[in-house]
Amino acid sequence: SLADKVQAVAEGVWLGLYRFEKYQAKKDEQEGKRELRAVTIMIPSRRHLAEAEAAVRTARSVCDGVNFARDLGNEPGNVCTPAFLGEQALSLKHAKLKVTVMDKSAIEKAGFKGLLAVNQGSDKEPRFIVLRYQGGAKDDKPVALVGKGLTFDAGGISIKPAAQMDEMKFDMCGAAAVLGIFKAAIALELPVNLLGVIASTENLLGGSAYKPGDIITSYKGVTIEVLNTDAEGRIILADALAYAAEQQPAEIIDFATLTGACVIALGGEASGLMGSDEAMLRGLQASGDHTRDRAWPLPMYEEYQEQIKSSSADIKNVGGREAGTITAACFLSRFVDELLERRRRSAWSLRAICRRRDVLAANHHRHLLDGVAHREVIRVPALELVWVAIHAKVLPERAGLTDLISELRVVALQQELDCGLCLLSTRRGLSEHDPHLGLRESRSEQLAPALQRSIGQILVECEVRGWRTGEVRFLD
């Protein structure tokens, strides 16, 4: 669509021009480079002007969030401390946003013992940051976004090699991604509820530093045997995930530069994606493909859990050399298992960010912005009806969806499914819950992947047009 093209051009300009030169002299002036002062985008006619201007505003909000995350990642470790991250969270202002930053005494009172253990070797106090954005209905459960905030990771007693240790300032990019998402979400005034949880500390050596062989009792009460102090991210995330699960969110998405094993597996071209809900993982992967911020799913077979069994505690913080990314995710899954038991339709997923020296805190939050619209593309099809709700204040132009809807009908026909489209309007535009795209399953117990992809594409098209889409719901 025209809006897609205008937004892509605007994003390309703002993201492509990004530089982090805060601590350098004006290099462009020294090198005689000229500043780009304006970009003109030509559109077919004036009647498309409002649509194009709206696309540019959307692009600006998205890019501001991306570059905010990039700036946080690029700040040196002596500037970007846990306290600094807390200040950046508090700098986000919106009537629908509430931010709470816990200092060390509050963290001790709350019982986040995993975070406190990792912090023992640092003189810088930790922070536990909670953000709540109420953009949706009051009773709608939030999407929880959890971020790893290691502002510098020397590895602790299990110290890292000296080579490239300076890059360990990027170990807080999960937290930066969460803050970038919130910055973009409040600027776009997304009609969703979001919960952000960030655990932040340094992991250094010191006389009080935690040690290999220590046993930590986490916030949830699960005991952790520490075999490697450089596997600290999962320990602080254990507290953050357990806290997020307590809030009963619709789903949990965890962002973390969790382990170098992910880079060994996938390189720098894709992030690792693991979780408990296949439908949610498919939605996140589709969103990543759409934005070229790609993620690739890794399995979490039950047998992998054997690798983190401990003879001294409930679990140990490393599972050995084999399948290091997967066993890290298995470790984290132990801190949301009760939520999954209580509410099987809730889910969590982990996006393990692969570090690249030339791509610093890339636009991971954009992945989420697109993912919000179709975060539940298809769930376990145990019931008969599937609905996708599209909400808008006025009846939108439906051009561009015709081909996708036709494709959906063809796929449904091939599976002998009844597929219909119902677009209802009132004098003031669309009613609160219309239009509905309805699909009735008549034979198979499971919707085929082709049908899932078609629904996912329709939801992506709705999202890029700025239409509000509801979750896919299963009705008796």
Side-chain angles (χ1 to χ4, degrees), residues 82 102-130 146-160 168 171-172 174-175 197-246 252 254 256-259 261 304-320 324 327-339 348 350:
M102 300 185 196
D103 60 13
K104 187 173 182 178
S105 61
I107 291 169
E108 289 171 341
K109 186 175 181 180
F112 297 122
K113 296 179 181 179
L115 175 59
L116 290 167
V118 175
N119 178 250
Q120 286 174 192
S122 173
D123 290 335
K124 300 287 193 301
E125 288 195 358
R127 291 292 185 270
F128 195 89
I129 304 165
V130 180
V146 177
K148 173 185 171 184
L150 256 293
T151 56
F152 192 83
D153 179 19
I157 298 297
S158 307
I159 190 170
K160 293 179 181 291
M168 290 303 101
D171 217 11
M172 42 63 67
V197 182
I198 294 169
S200 182
T201 181
E202 295 178 325
N203 183 28
L204 301 178
L205 295 81
S208 299
Y210 80 131
K211 306 169 292 296
D214 286 359
I215 294 179
I216 300 166
T217 301
S218 67
Y219 173 72
K220 186 182 176 183
V222 176
T223 56
I224 303 166
E225 180 186 11
V226 178
L227 295 185
N228 188 323
T229 64
D230 194 26
E232 83 299 322
R234 65 201 70 181
I235 294 176
I236 69 170
L237 285 171
D239 286 351
L241 285 168
Y243 176 83
E246 274 188 355
I252 302 174
D254 174 21
T257 47
L258 191 63
T259 170
Y304 287 118
Q305 297 281 352
E306 295 292 322
Q307 292 180 229
I308 59 171
K309 283 187 175 179
S310 168
S311 59
S312 304
D314 294 327
I315 53 176
K316 55 188 179 183
N317 75 326
V318 289
T327 55
C330 289
F331 178 96
L332 296 179
S333 72
R334 298 296 186 90
F335 298 90
V336 293
D337 53 1
E338 290 182 6
L339 172 66
W348 74 280
L350 164 69

> Step by step, would you call D254 with L332 a side-chain contact (heavy atoms from CB on, under 4.5 Å)?
Replying inline: CA-CA 10 Å; D254 174 21; L332 296 179; 3.4 Å; yes
> What is the minimum heavy-atom distance between A117 and I216, and which atoms define it?
Replying inline: CB-CD1, 3.5 Å
> Quick check: does any side chain N or O of N317 sit under 3.5 Å from a backbone N or O of A231, one acting as donor and the other as acceptor?
Replying inline: yes
> Applying ring pair (Phe, Tyr, Trp, His ring centres under 6.0 Å), which residue pairs with at least one partner in residues 213-235 are found, sequence neighbours left out?
Replying inline: F112-Y219
>> To check you understand the geometry: which heavy-atom pair defines the closest contact between F128 and I107, and what is its length?
In response: N-CD1, 3.7 Å
>> What's the separation between atom CG in D239 and atom NZ in K220, rounded to the nearest 0.5 Å?
In response: 11.5 Å
> Do you know which two heavy atoms are closest between A175 and I198, and how far apart they sit?
Replying inline: CB-CG2, 3.6 Å
> Could you walk me through whether N203 and S122 pass the side-chain contact (heavy atoms from CB on, under 4.5 Å) check?
Replying inline: CA-CA 7 Å; N203 183 28; S122 173; over 6 Å; no
> Going from CZ on F335 to CZ on R234, what distance comes out if it is rounded to the nearest 0.5 angstrom?
Replying inline: 11.0 Å
> What's the verdict on side-chain contact (heavy atoms from CB on, under 4.5 Å) for F331 and V318, showing C-alpha distance, side-chain angles and the deciding distance?
Replying inline: CA-CA 8 Å; F331 178 96; V318 289; over 6 Å; no
>> Can you confirm whether S158 sits close enough to P212 that some side-chain heavy atom of one is under 4.5 Å from a side-chain heavy atom of the other?
In response: yes
>> Measuring from atom CG of D153 to atom CG of D230, what distance do you get when rounded to the nearest 0.5 angstrom?
In response: 5.0 Å
> Do I252 and V336 have side chains that get closer than 4.5 Å, going by heavy atoms?
Replying inline: yes
> When you look at S311 and E225, which way does the side chain to side chain donor-acceptor pair (under 3.5 Å) test go after all the steps?
Replying inline: CA-CA 9 Å; S311 59; E225 180 186 11; 4.9 Å; no
>> Within this structure, what is the CG-CD1 distance for the pair N119 and I235, rounded to the nearest 0.5 Å?
In response: 12.5 Å
>> Any salt bridge linking D337 with R334? Criterion: basic side-chain nitrogen under 4.0 Å from a carboxylate oxygen.
In response: no
>> Is there a side-chain contact (heavy atoms from CB on, under 4.5 Å) between K309 and I315? Walk through the geometry before answering.
In response: CA-CA 5 Å; K309 283 187 175 179; I315 53 176; over 6 Å; no
>> For D314, is there any backbone N or O sitting under 3.5 Å from a side-chain donor or acceptor partner on S310?
In response: no
> Could you give the distance from OG1 (T257) to CG (D171), rounded to the nearest 0.5 Å?
Replying inline: 3.5 Å
> L205 and A154: which non-hydrogen atoms are nearest, and at how many Å?
Replying inline: CD1-CB, 4.3 Å
>> Quick one, K113 and S218 - any side-chain contact, counting heavy atoms below 4.5 Å?
In response: no
> Are side-chain heavy atoms of K148 and L150 found at a separation under 4.5 Å?
Replying inline: yes
>> Do I129 and V197 have side chains that approach each other closer than 4.5 Å (heavy atoms only, starting at C-beta)?
In response: no
> Taking atom OH of Y210 and atom CG of L116, what is their separation to the nearest 0.5 Å?
Replying inline: 12.5 Å
> Is R127 salt-bridged to E125, going by a charged N under 4.0 Å from an acidic O?
Replying inline: yes
> So, for T151 and S200, which heavy atoms are closest and what is the spacing to 0.1 Å?
Replying inline: CG2-OG, 3.6 Å
>> I need the minimum non-hydrogen distance between I157 and T229, along with the two atoms involved.
In response: N-OG1, 3.1 Å
